[in-house]
Amino acid sequence: MSEGYGIVYVVATPIGNLQDMSERAISVLETVDAIACEDTRRCRKLLSALSIPAKNLISLHEHNEKRMTARVLELLRKGNDVALVSDAGTPLICDPGFDLVRSLWERKVRVVPIPGASAITAALSVSPLSAHDVRFVGFIPARARARDSRLRQLLIDGSPILFFETARRISATLDALCKLEANRRHIFVARELTKVHETLYFGRVEEVIDEIANKEPVRGEMVCLLGGMVKTSRMDVDSTLQILMGELPPTQAARLTSRITGERRALVYKRALVLSNQG
Ligand code: SAM
């Protein structure tokens with residue numbers, strides 16, 4: 001460890017409910033010499049709500065992180081201890097701070113986690129879908145073309161996907177999932193966790209779309225967990241195809257089989273061709 005340097009405490013703050021602030025987090029914020037925060041106004045409000053005396057606040061956000069990291073390192077070099085907080089939840093989970101933390105590792109400066117609230121752990125702790133083998137992907141792009149291409153790529157391997165979403169975009173994202181044939185996958189949507197309007201939605205994507213549409217206007221912040229692809233055996237696909245191909249042309253039979261079994265359309269078409277060639 002670097003001799004004489006101060007310590008950086010990475011402190012989780014509440015995601016809505018002030019009572020989720022831990023005693024340890026409060027005492028760290030009380031004792032550090034400075035706090036690097038995403039938004040100084042928000043941080044000042046938090047300190048005042050917790051009756052923590054005013055501090056030296058350093059604004060550190062995605063647009064100035066590199067420059068401010070140098071300033072924090074200078075404070076640390078002089079032996080000051082610094083806390084890092086984000087607007088809500090755990091820093092670095094899609095929040096600023098990574099450049100700073102990486103620089104601490106490079107310089108062998110001590111960094112200490114002060115764990116607490118995070119939308120991710122709060123959502124997973126009440127999820128009806130297993131958190132096993134989940135892939136966390138942060139935010140899905142906002143623009144339609146980039147969003148669809150990202151979702152298409154994420155859906156390929158069939159694993160469960162955990163992502164952040166906003167109320168303004170949730171319906172468009174769910175619609176896009178349906179368009180990409182993930183309509184029968186299950187999804188868990190955790191909205192406004194720890195706040196007054198906390199709401200949990202669960203069902204197949206096509207059902208949750210309706211549920212959310214009926215609640216318009218939906219406001220607030222959300223975490224979504226899209227369940228893994230419902231695995232269907234080749235037997236299910238083949239037997240459904242065979243029944244439908246007795247009545248319908250192969251393309252139509254394949255399209256319906258894909259919707260019934262949840263198997264990808266391209267794959268079902270291939271099976272339909274194999275079966276029709278067999279006989
Ligand atoms: N670092 C934060 C954490 O640990 O939860 C997450 C920061 S990320 C920039 C902000 C996103 O987290 C929001 O857009 C929303 O998707 C999710 N989020 C934050 N607070 C939430 C809450 N109370 N309920 C549901 N989702 C929340």
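As the structure lists them, so they are numbered: ligands from 1, and atoms in each ligand from 1. Scope of the values below: all heavy atoms of this structure, side chains included, with no hydrogens, waters or symmetry mates.
Rounded to the nearest 0.5 Å, atoms CG (L225) and OG (S130) are 8.5 Å apart. To the nearest 0.5 angstrom, L155 atom CG is 8.5 Å from M229 atom CE.
Remark: distances from the non-hydrogen atoms of V223 to ligand 1 include one below 4.0 Å. Using a 4.0 Å cutoff on heavy atoms, G16 does not count as a contact of ligand 1.
Under 4.0 angstrom from ligand 1, the non-hydrogen atoms of A190 all belong to its backbone. Under 4.0 angstrom from ligand 1, there are no non-hydrogen atoms of E198. Contact annotation for A122 and ligand 1: no heavy atom of the residue comes within less than 4.0 Å of the ligand.
Of all protein heavy atoms, the one closest to atom 18 (N) of ligand 1 is A119 CB, 3.5 Å. Protein heavy atom nearest atom 2 (C) of ligand 1, with residue, atom name and distance: A88 O, 3.3 Å. Residue, atom and distance of the protein heavy atom nearest to atom 24 (N) of ligand 1 are L193 N, 2.8 Å. Here the heavy atom of the protein found nearest to atom 6 (C) of ligand 1 is I93 O, 3.5 Å. In this structure, atom 13 (C) of ligand 1 lies nearest to the protein heavy atom E221 OE2, 3.5 Å. Looking only at protein heavy atoms, the nearest one to atom 17 (C) of ligand 1 is F164 CD2, 3.6 Å.
Checking each of V72, V101, L104 against V109 for a side-chain contact (heavy atoms from CB on, under 4.5 Å) leaves exactly one that passes, namely L104. Shown are V223, L151, L154, T173; of these, the side-chain contact (heavy atoms from CB on, under 4.5 Å) with F163 is made only by T173.
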Query raised in the report: Could you walk me through whether R255 and Q252 pass the side-chain hydrogen bond (donor to acceptor under 3.5 Å, both in side chains) check?
Result: CA-CA 5 Å; R255 187 156 44 79; Q252 221 173 328; 5.3 Å; no
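Less than 4.0 angstrom separates some heavy atom of K195 from each of these atoms of ligand 1: 23 (N). The distance from ligand 1 to the heavy atoms of D95 drops below 4.0 Å at these ligand atoms: 1 (N), 2 (C), 7 (C), 9 (C). When each atom of ligand 1 is checked for a heavy atom of E192 under 4.0 Å away, the hits are 23 (N), 24 (N), 25 (C). Within the listing of ligand 1, atoms 3 (C), 4 (O) sit less than 4.0 angstrom from a heavy atom of G89. With ligand atoms numbered from 1 in the order given, ligand 1 contributes 3 (C), 4 (O), 5 (O) to contacts under 4.0 Å with heavy atoms of S118.
Residue E62 qualifies as open at atom CD: its count of foreign heavy atoms under 6.0 Å is 12 or below. In K195, the NZ atom is crowded: over 12 heavy atoms of neighbouring residues, nucleotides or ligands sit closer than 6.0 Å. The local environment of CZ in R147 is crowded, with over 12 non-hydrogen atoms from other residues, nucleotides or ligands closer than 6.0 Å. Residue-environment remark: CD (Q153) exceeds the threshold of 12 foreign heavy atoms within 6.0 Å.
With sequence neighbours excluded, the residues forming a side-chain hydrogen bond (donor to acceptor under 3.5 Å, both in side chains) with R77 are E74, listed by chain and number.
Classified by interplanar angle (parallel below 30°, tilted 30° to 60°, perpendicular above 60°), the ring pair F164/F136 is perpendicular.
Considering backbone and side-chain atoms alike, T90 places an N or O below 3.5 Å from some N or O of ligand 1. At least one N or O atom of E165 sits closer than 3.5 Å to an N or O atom of ligand 1. The distance criterion of under 3.5 Å between nitrogen or oxygen atoms is not met by F139 with respect to ligand 1. Ligand 1 has a nitrogen or oxygen under 3.5 angstrom from a nitrogen or oxygen of M222.
A heavy-atom distance below 4.5 Å is not found between the side chains of T194 and P14.
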